[in-house]
Amino acid sequence: MRERLLDVYRRLLAFYGPQHWWPAGDDPFVVVVGAILTQSAAWKNVESALARLREDRLLSFDALLRAPDEELERAVRPSGYFRMKARKLRAFAAMLAERFDGRLERLFALPVGEMRAALLATYGIGPETADDIILYAARKPAFVVDAYTRRIFDRLGIPPGVDTYDGWRSLFTDALPQETALFNEYHALIVRHAKVKCRKEPLCPGCPLLDICPTGQSRLAASAASQVDRRASRA
DNA sequence: GTCCAGGGCCTAC
DNA sequence: GTAGGCCATGGA
């Protein structure tokens, strides 16, 4: 499995190049806020919400704690689900204040398993957002599984042991070397690939995974066959 | 007008 | 334990 997963990774990296997701140097607190705001939202809308939060000087845990509901909601509005997301941001800030003296580095100093448990116990942080935060903000190895990951690997005929979030996650974490940089780039490449080629209505011609993808091959075979049919019926 | 985007919570069965 | 509804804006 390790070689299959690395093969997919190498193909995607060669085709799309590095994605530069949340590079080192980005403020980890902003990365956490972005991870929450991006839940079921387009990244462009998240950027506009982050810009408003920055303008309103709300990008700190104590500002998130103190800001009136309306102010916080107005700032995060562009990212959608704005009432829920304002509540989630405040819940994260409250957790940080209560358990870690408001210091992100204390949360991030925990062993990954404990950090993940603390995040999952926080309102609004589910498994994907928790792994997002561990990987891109704390910069420790956690593989982020999203709907794109499931779709792409399902089409590749690479199923998880169990069809749950943790089942999908261990498909990767059990087989791959535990390297933050690898997990970071792999997830970003999966998202890119899902947007460019492996969409709900996939664009298989020219796909870098085509020769290892049974779904893509059968699609192309079917479309080639239907072209032959059309030519035959015209003749 | 319809669909979807870097999910998670809550309720009902 | 899980299927289904709900949360909501902005761009294609």
Side-chain angles (χ1 to χ4, degrees), chain A residues 9 12-13 16-23 26 28-53 55-56 69-95 116-139 141-154 160-169 172 180-203:
Chain A
Y9 173 73
L12 294 177
L13 183 59
Y16 298 106
Q19 300 300 301
H20 308 294
W21 266 34
W22 280 329
D26 279 15
F29 191 81
V30 177
V31 176
V32 172
V33 172
I36 291 171
L37 294 182
T38 196
Q39 292 172 1
S40 202
W43 184 248
K44 199 163 190 177
N45 295 339
V46 175
E47 286 182 320
S48 118
L50 284 173
R52 285 200 194 183
L53 286 167
E55 283 172 22
D56 297 348
D69 285 344
E70 309 76 56
E71 192 180 340
L72 201 48
E73 289 173 3
R74 189 171 57 244
V76 302
R77 193 176 186 110
S79 66
Y81 302 127
F82 60 91
R83 294 188 192 87
M84 303 293 291
K85 284 181 180 171
R87 186 177 159 198
K88 292 175 180 184
L89 290 179
R90 205 189 296 283
F92 176 79
M95 180 276 290
R116 193 163 192 269
L119 290 166
L120 289 176
T122 305
Y123 175 83
I125 298 182
E128 183 180 338
T129 305
D131 288 333
D132 238 336
I133 291 171
I134 296 169
L135 181 59
Y136 291 104
R139 303 196 157 274
F143 200 92
V144 179
V145 174
D146 58 9
Y148 295 149
T149 311
R150 299 179 194 224
R151 182 164 79 214
I152 290 170
F153 286 87
D154 191 46
V162 192
D163 187 16
T164 61
Y165 185 92
D166 287 334
W168 278 98
R169 190 166 62 104
F172 296 91
T180 302
L182 171 66
F183 289 178
N184 178 327
E185 194 61 48
Y186 207 154
H187 174 65
L189 285 165
I190 285 170
V191 173
R192 178 73 183 278
H193 183 57
K195 289 181 171 180
V196 176
K197 285 287 182 188
C198 204
R199 305 195 279 202
K200 288 199 172 174
E201 201 52 47
L203 301 172

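Numbers restart at 1 for each chain; the letters A, B, ... are given by sequence-line order, proteins then strands.
A salt bridge links A:Arg90 and A:Asp69; the closest N-O separation between the charged side-chain nitrogens and carboxylate oxygens is under 4.0 Å. For A:Arg116 and A:Asp166, the salt-bridge test passes: some basic side-chain N is under 4.0 Å from an acidic carboxylate O.
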Going through the distances and angles, do A:Tyr123 and A:Met95 end up as a side-chain contact (heavy atoms from CB on, under 4.5 Å)? CA-CA 9 Å; A:Tyr123 175 83; A:Met95 180 276 290; over 6 Å; no
List the steps and the verdict of ring pair (Phe, Tyr, Trp, His ring centres under 6.0 Å) for A:Tyr16 and A:His193. CA-CA 8 Å; A:Tyr16 298 106; A:His193 183 57; 5.6 Å; yes
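The separation of C:dA3 from B:dA5, taken at their C1' atoms, amounts to 22 Å, rounded to a whole angstrom. Rounded to whole Å, the separation between the P atoms of B:dG6 and C:dC7 comes to 22 Å.
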Strictly under 3.5 Å: I want the nitrogen or oxygen pairs between protein and nucleotides 8-12 of chain C, one per line.
| from | atom 1 | to | atom 2 | distance (Å) |
| --- | --- | --- | --- | --- |
| C:dA8 | OP1 | A:Tyr81 | O | 3.4 |
| C:dA8 | OP1 | A:Phe82 | N | 3.4 |
| C:dA8 | OP1 | A:Arg83 | N | 2.7 |
| C:dA8 | OP1 | A:Met84 | N | 2.9 |
| C:dA8 | OP2 | A:Arg83 | NH1 | 2.8 |
| C:dA8 | O4' | A:Tyr81 | N | 2.9 |
| C:dA8 | N6 | A:Tyr81 | OH | 2.1 |
| C:dA8 | N1 | A:Tyr81 | OH | 3.1 |
| C:dT9 | OP1 | A:Arg77 | NH2 | 3.1 |
| C:dG10 | O4' | A:Asn45 | OD1 | 3.4 |
| C:dG10 | O4' | A:Asn45 | ND2 | 3.3 |

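Checked by atom type and distance alone, the side chain of A:Thr122 pairs as donor or acceptor with a backbone atom of A:Ala118 at under 3.5 Å.
Once you apply a 4.0 Å limit to the heavy atoms of chain A, the touched nucleotides of DNA chain B run 5' to 3' over B:dC4 to B:dC10.
Inspection of the A:Tyr165 and A:Asp131 side chains reveals an N or O donor paired with an N or O acceptor under 3.5 Å. A:Asp146 and A:Thr149 share a side-chain donor-acceptor pair at under 3.5 Å.
Between A:Tyr136 and A:Trp21, the angle of the ring planes lies from 30° to 60°, which puts this pair in the tilted group.
Considering NZ of A:Lys88 and OH of A:Tyr81, their distance stands at 9.0 Å, rounded to 0.5 Å. Between A:Ile36 atom CD1 and A:Thr129 atom OG1 the span is 7.0 Å, to the nearest 0.5 Å.
A heavy atom lying under 4.0 Å from DNA chain C marks none of the residues of residues 194-201 of chain A.
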